[in-house]
Structures are given as structure tokens and as C-alpha cells.
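Below is one structure, written out as C-alpha cells, with a few remarks after it.
The figures that follow rest on heavy atoms only: side chains count, while hydrogens, waters and symmetry mates do not.
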Amino acid sequence: MQINCDDCAYFEYDDDDEMYYCSVNMDEDDYVRLLESGYRNCPYYRNGDEYRVVKHQM
């Protein structure tokens, strides 16, 4: 599976663990479906680039 989390809005840093985590609210069933599916990209991906969003609105 090809997932690029680096620029996803749901990819957040946890100061306590000093690691990045996906903050999408999904249960275990959703997670298993995501891992077993044939998605080429993550269906929960949301672009976290605020400049791109603003540029689109202009």
C-alpha cells in the first residue's frame, strides 16, 4: 500500500512519545479494512497544506 502521511492533515506529532501518529478517528474494523484493501492511496488523506487551500479559494 502506498500512503504518504508526511503532508496529511491527520498526521500529528505527540510530544509525550516524540512520534507522529495518524489522528483519524477509526475503529479496529476500519483499520483492518484499510490494511487489507487494495487502496493505492489512503482514503482518509486530507491535504494539510493551508497555502494550497487558500490558493484554490482565490
Side-chain angles (χ1 to χ4, degrees):
M1 184 179 345
Q2 191 177 10
I3 298 175
N4 185 8
C5 295
D6 294 339
D7 59 348
C8 181
Y10 296 115
F11 200 52
E12 297 178 358
Y13 186 74
D14 183 7
D15 291 325
D16 296 332
D17 293 337
E18 297 180 352
M19 294 181 68
Y20 285 92
Y21 292 101
C22 180
S23 64
V24 171
N25 186 15
M26 66 175 123
D27 60 12
E28 289 181 29
D29 294 331
D30 292 336
Y31 184 67
V32 169
R33 268 187 238 115
L34 176 65
L35 293 178
E36 291 179 348
S37 69
Y39 287 118
R40 296 194 72 202
N41 294 310
C42 178
Y44 301 106
Y45 176 82
R46 186 178 73 183
N47 190 331
D49 185 4
E50 295 176 11
Y51 294 109
R52 183 175 176 189
V53 173
V54 172
K55 186 177 178 181
H56 179 71
Q57 292 175 349
M58 292 180 166

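Every residue meeting the side-chain contact (heavy atoms from CB on, under 4.5 Å) condition with D16, not counting sequence neighbours, appears here in chain and number order: D14. Under the rule for a side chain to side chain donor-acceptor pair (under 3.5 Å), the partners of Y21 that lie at least two apart in sequence or sit in another chain are D17. Every residue two or more places apart in sequence or in another chain was checked for a side-chain contact (heavy atoms from CB on, under 4.5 Å) with N25, and none qualifies.
Nearest heavy-atom pair, P43 versus L34, reported as atom, atom and distance to 0.1 Å: CD-CD1, 3.4 Å.
Y10 and M26 fall within the same hydrophobic cluster, defined by Ile, Leu, Val, Met, Phe, Trp and Tyr side-chain heavy atoms under 4.5 Å apart, directly or through other members.
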Determine, step by step, whether M19 and Y13 satisfy the side-chain contact (heavy atoms from CB on, under 4.5 Å) criterion, reporting the C-alpha distance in whole Å, the side-chain angles of both residues, the deciding distance to 0.1 Å, and the verdict. CA-CA 6 Å; M19 294 181 68; Y13 186 74; 5.7 Å; no

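There is a side-chain donor-acceptor pair under 3.5 Å between Y45 and D7.
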